[in-house]
Amino acid sequence: MILAIESSCDETSAALVEGARVLANIVSSQVDLHRQWGGVVPEAAARAHVEAIVPVVAEAFALAARSPADVRAVAATNRPGLVGALAVGVAAAKAWAYALGVPILGVHHLEGHILSPLAQLGDQPVAVPFPHLSLIVSGGHTEVVDVEAPGRYRLLSETIDDAAGEAFDKSARLLGLGYPGGRAIQEAAVGGRSDRYRLPRALADDPFRFSFSGLKTAVLRLVETEGDRLSVPDAAASIQAAIVDVLVEKSTRLIEQTDRAALTLVGGVAANRALREALADRCRKVGTRFVTPAPELCTDNAAMIGIAASLRWGNGDADDLLLDVTSSAPLPAWS
Ligand code: KG4
Ligand code: ZN
């Protein structure tokens, strides 16, 4: 059994996993704290992690009805992310590893997202074929990675400016829908007409680059020109469709070019219902297996960090108590 900790941004999370089985996955979110500033304030995030980390770990043991004596290794996200936030989770993991006399493993946050579809929440094992493509869409990342095997990743495409989650968050702010924006836009879009407002689909023919900054500018212009006439549901639906279309089209082209057997959809934006449905539908049409984890495994969580650590540890790999944190880092075996 592995104790895993995630604290790279604004969720403090602890999980207990056994292989791919998730025994407990506790997430304490700081969204209510950061809402007053309309975004994550790094110093405030670090302090809030300090307050939450001990109770969150205790809750994981209580929920799984397991004791710390059962822990064989401890894992923590150590890169990339907010360094002050990462340092809290890594310090807690070191304390547990030292006290229990077990190995520690530092996990790359995106590797956690990439392997999140392998997580088994109930009794049914999840089969994900390798090699496959992984579409990672979160607040900080929009990337397609060729996943040859666990630990072997090749970056195929990335955004040249904003991430998809940022496009949701910034557009939501312009519409006055608050923070965080992704879920707010999804909810506001219910019953809205997605063809009401014409919004850009940037770099439509280039599957190797994403760009969302033009969308944000177009939404700003739309809000200014429409003023009080603006239909918020129609605008939310149009924004969501613009983001979903781009993600679906580019992934489809990459599936065709690489001929991989499956596409996985991971990261916070993967919780978006319209995106999940549109990609599932497209994959069915092009004959590609589509796998996306339950929404609670899409947004930041420690279970995915535990799964990634499990696979590395199973290969005899571990770090030591000198483990450090870094704000940016390439994926392992990135080539
Ligand atoms: O993976 P994540 O929890 O944190 C990062 O590593 O960035 O992703 C957070 C992002 C935010 O931009 C948030 O607005 C977006 O995921 N998000 C959504 C939804 N739920 C969260 N975007 C669209 N629809 C959702 N339902
Ligand atoms: Zn994330």
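- The minimum heavy-atom distance linking E6 with C9 is given by the pair OE2-N, 4.2 Å.
- Residues S238 and R196 have side chains that never bring a donor and an acceptor to within less than 3.5 angstrom of each other.
- Among pairs with a residue in residues 263-274, those fulfilling side chain to side chain donor-acceptor pair (under 3.5 Å) read S134-T264, Q186-N272, Q240-N272, at least two apart in sequence or across chains.
- Listed by chain and number, the residues in a side chain to side chain donor-acceptor pair (under 3.5 Å) with K94 amount to none (sequence neighbours excluded).
- Side-chain polar atoms of Y153 and E111 form a donor-acceptor pair below 3.5 angstrom.
- Linking ILVMFWY side-chain heavy atoms closer than 4.5 Å, directly or via other members, places V145 and L110 in a single hydrophobic cluster.
- When only modelled atom types and interatomic distance are considered, H109 and D300 share a side-chain donor-acceptor pair under 3.5 Å.
- Within a 6.0 Å sphere centred on CZ of R312, other residues, nucleotides and ligands contribute more than 12 heavy atoms.
- Side-chain contact check for H141 and E158: no donor-acceptor pair (N or O, by modelled atom type) lies under 3.5 Å.
- The closest side-chain donor-acceptor pair between S7 and H49, if any, does not fall under 3.5 angstrom.
- Within a 6.0 Å sphere centred on CZ of R47, heavy atoms belonging to other residues, nucleotides or ligands number 12 at most.
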Next item on the list: Evaluate salt bridge (Lys or Arg N to Asp or Glu O under 4.0 Å) for D281 paired with K285, printing each intermediate quantity in order.
Entry: CA-CA 6 Å; D281 196 44; K285 286 195 180 112; 3.1 Å; yes

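- Environment of CD in Q36: crowded, with over 12 heavy atoms of neighbouring residues, nucleotides or ligands closer than 6.0 Å.
- In this structure, L297 and A119 approach most closely via the heavy-atom pair CD1-CB, 3.7 Å.
- For the 3.5 Å distance criterion, the side chains of D162 and S213 fail to qualify, holding no donor opposite an acceptor.
- The number of heavy-atom neighbours closer than 6.0 Å to CZ of F130, taken from other residues, nucleotides and ligands shown, is above 12.
- The side chain to side chain contact (heavy atoms under 4.5 Å, CB included) search around S251 returns L135, L263, L279, not counting sequence neighbours.
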